[in-house]
Every structure is written in structure tokens, then in C-alpha cells.
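In what follows, chains carry the letters A, B, and so on, assigned in the order in which the sequence lines appear, proteins first and then strands, with residues in each chain numbered from 1. Atom set for the values below is all heavy atoms of this structure, side chains included, hydrogens, waters and symmetry mates excluded.
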2 protein chains.
Amino acid sequence: MTTDPRVQRTQQRLRQALAELVLQQGYESISIRELAAQAGVGYATFFRHYPSKDALLLDLLQRSIQEMARLLPPGLDADPAEEGRLIFVHAAQHQQLYRILLSGGGALALLEEVQAAAVAEVMRRFGRQTAPAIPLEILAHHLVAATIALIGWWLQHDQPYPPPRMGQIYAELIMRPFLALVGQERG
Amino acid sequence: MTTDPRVQRTQQRLRQALAELVLQQGYESISIRELAAQAGVGYATFFRHYPSKDALLLDLLQRSIQEMARLLPPGLDADPAEEGRLIFVHAAQHQQLYRILLSGGGALALLEEVQAAAVAEVMRRFGRQTAPAIPLEILAHHLVAATIALIGWWLQHDQPYPPPRMGQIYAELIMRPFLALVGQERG
DNA sequence: TGTTTTATGATACACCGTGTATCATAACTT
DNA sequence: AAGTTATGATACACGGTGTATCATAAAACA
């Protein structure tokens, strides 16, 4: 683990630069030379930290996802609507990144990674329930995919409902059927 | 409209070559030089027919989808599990097409078109139900997105369950909660 | 504080893919 | 048979990627 301030500073600048450029011109058209210039960093320096533009984006997105994970403590299962509300508040705050992730532009592999991580998390969280009628792996994948799709719809339609309403919808449309199928009602 | 046999032959070869290379190495890594070589066609000739690799893929997929649409059976509503089974049988039969579509390689616009058409179809089919607690547009989008995601999971995991089983899962995981929320039980 | 280690900036370079231009030749049309 | 058009081959400019090198600045260490 590196604690060198120079490393931290450079990586921070690169992430910051990517976030800025994405807002200005989207993701695909950004070149690494452009990125380094925006970050005030040498071109070759980029490759000393990230093997590709996608890797940098992945880092940026993973930090955002981790931040969301911190917003969703385990005890929140009790209130799905509130959990959903927090998800959509976070999505609105980081909508430019979510748009990249969901538009699939260059971040397709990244979306799959994020999705796989989320599926693993769900399976960890509900793996001790009574064996469901539908394979848990499918249930987990469905939960994650449906949530991502709902966020994508909401952002692409310019947030036509406020986060509390979306939280309710998330709870009724996604979480309640999921909990019913995962055997939660027996616990 | 060009009827010149040379044009037809060249375009056919390019589409064929793309289909072959996609199966071998995916979409992204294919270069236009590679494509032209596989097609047995000059490099510059490619640009005389398609402005980009994406345009060629779009042409290929549109033709395949038109062919698929002609084979799709008309109305079958009564049995969700049977409807689901047919969906997965069809997905298995056209899996290479579905894989390209779902992997999103340059075909995102087309996937969105297909999705939008499916959403419209769902809304037309359930638009006369009693007003649901959740906006019908969201319900329809969720239904389509969840179905596509389930097909994608199934294909990417090499069809670990047979179509009848997937049809049951589709009915329980997707269709039953959808029908409950759309107010079907009152009809 | 002085020394060592390491990250950075600047630059040059090879490599690859794209898209355009050119022209002789082959294939098609009438 | 004569005219038209698509093709193949080739060359080229352009831009982006990833690597190598080296002097310098910054951090860590003693």
C-alpha cells in the first residue's frame, strides 16, 4: 500500500480530471493526453498509475459505489422504501457517473464488474435464508439488474419523480417480490 | 437503390465476416483491416459501403431482427410459464444474435429501439387495466428490462437450466409480481 | 541535516488503426 | 462492343497508445 503523497495527489488529480472532462464532453472522446493535461500531469505519468482509461473510470466508479454501500448499512433491510430513497438520492448526486455506467459507453466491462460485486453482496446477505424456489443466484442477479434498470430509466427521463417516490416504487416493484421469493417471510 | 451484383456481394461478405469474427473474438477487438481480410475484400472498399464498424453491425443486426420478427408467433397471453418457455427457446435458437445485442458492442442504439418497442407493446397490452399504484410506464420498462436481463444471465452462463425451467422462473420472478402490480387480479 | 529512494515531467519513439486519395483493372450495364 | 462503375492495391496523413529514457524534484530515512 503506497502512502506517498505524490502518488495520492496524482491519482486524485486524474480522477478529478476525468470527472470534469466527462461532464464537458462525455467519456468516449476523451484521450489520455487530454486527461493528463486537464489533470496537470505528465502524459507518461498516467500509465504509471492506470493501465487504461477504463481502469481510471473503474476506480472512480468503485469509489462512488463504495460510498453508496456505506449509505446502505445492513440494518436498513427493515425499511426498503427508505433504502430505495437513499439509492436514488445518491444516484441523483452522482448522475454523470451513473449515466456513463448505464449507457454502457466504454464502461461495459465495468458495469459487469459492479454488477457481479453487487450480486455477491446480495448473496452474502441473503445466503442463509431457507432455500428459495428460484436459485439464489438468479434472484440476486435479478435484484441488481432491476435496480440498475430502474435507476437508468429515472435518469434518462430526467428524474420525473422525487427520490422518496422512487424509494416506494423500488420497495414495491423490486424489493417486496424479491423478499417474498427469497423466503424472507419465514424468518 | 443499387442492384449491382458486385455491391450486393461485397456487403454480404462484410456482414458474413463480421458475424464470423464476432463469434471468434468478440466485437471490440475487431479492426476494419481484419474485417476486410476475413471478407476477402480490399481495405478501402469497406469505407465505400459503411462509414464505420458500428454501421456494419447495425446493418447486420437489423436484418437479423427483421428475420426474427417474421418468425415470432402472434398473441399468446394465457400461460406466463409457457410464454416464458417460448422466449427462452427462441433466445437459445438465436443466441449469437442475442449475445451481440446484449453485449452492447456498438449496438446500444438498436437495443434501445428494441426495448422501446417492447415497452410500447406492454403498455398497449395492459393499458386498459385499473390504474396501478406504480406508473404503468415504469412497470412496462421494468418488465422488459428484467426479461432482457434474465435472458442475458442465462446466455452468459451457458444455459444452466432448460427453457421450461426458465419459463417457470420468468413466470414467478417477473410476470407474477408484474401482474399483481398492474391490477390484473381485478380483471 | 545530509543521503538515499522514488515519483514526476518532458521528450522521443515504435506501433497500430482510421479515413482519404489515386489509378489500373475487372466486372457489370446497355 | 463501348461506356460505366466497383474493386484491389497502395500510399499517405493523422491521431492515439504504450514504452523507454533521463534529469529533476519531492519524499523518506538516518
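- A search for ring-ring contact (aromatic ring centres under 6.0 Å, His included) contacts involving B:Tyr170 returns nothing, not counting sequence neighbours.
- Checked against salt bridge (charged side-chain N to carboxylate O under 4.0 Å, His left out), B:Arg176 has no partners two or more places apart in sequence or in another chain.
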Between A:Leu57 and A:Val22, does a side chain to side chain contact (heavy atoms under 4.5 Å, CB included) hold up when you go through it step by step? CA-CA 10 Å; A:Leu57 177 61; A:Val22 156; 5.6 Å; no
For nucleotides 4-6 of chain C, tabulate all protein N/O to nucleotide N/O atom pairs closer than 3.5 Å, reporting atom names and distance.
residue, atom, partner, partner atom, Å
C:dT6, O2, A:Arg6, NH1, 3.0
C:dT6, O2, A:Arg6, NH2, 3.4

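- Atom-to-atom, CZ of B:Phe46 to P of D:dT7 comes out at 13 Å; the value is rounded to the nearest Å.
- What separates CD of B:Gln8 from P of D:dT7 is a distance of 10 Å, to the nearest Å.
- Rounding to whole angstrom units, CG of residue B:Leu35 and P of C:dG19 are separated by 12 Å.
- Going from atom CG of B:Leu56 over to atom P of C:dG19 covers 13 Å, rounded to whole Å.
- Atom pair A:Lys53:NZ and D:dG18:P shows a separation of 10 Å (rounding to whole Å applied).
- With respect to the salt-bridge test (charged N to carboxylate O, under 4.0 angstrom), the residues A:Arg70 and A:Glu67 do not qualify.
- For the pair B:Gln12 CD and D:dT7 P, the computed distance is 14 Å after rounding to whole Å.
- The CG-P distance, from B:Asp54 to C:dG19, rounds to 10 Å in whole Å.
- Between the side chains of B:Glu20 and B:Gln16, at least one donor N or O lies within less than 3.5 Å of an accepting N or O.
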Base, backbone or nothing for each nucleotide of nucleotides 9-17 of chain C, written B, S, -, heavy atoms under 4.0 angstrom, 5' to 3'? BBB------
Contacts under 3.5 angstrom, residues 160-167 of chain B side chains, donor-acceptor by atom type, not counting sequence neighbours:
residue, atom, partner, partner atom, Å
B:Arg165, NH1, B:Gln168, OE1, 3.4
B:Arg165, NH2, A:Ala133, O, 2.9

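- The two atoms that bring A:Ala91 and A:Trp154 nearest to each other are CB-CZ3, 4.3 Å, heavy atoms only.
- The phosphate of D:dT7 has OP1 or OP2 within less than 4.0 Å of a side-chain N or O from B:His49.
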Expected list for residues 134-144 of chain B: side-chain donor-acceptor pairs under 3.5 angstrom, two or more places apart:
residue, atom, partner, partner atom, Å
B:Glu137, OE2, A:His157, NE2, 3.3

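- Residues A:Pro80 and A:Ala171 approach most closely at CB-CB, 3.8 Å, considering heavy atoms.
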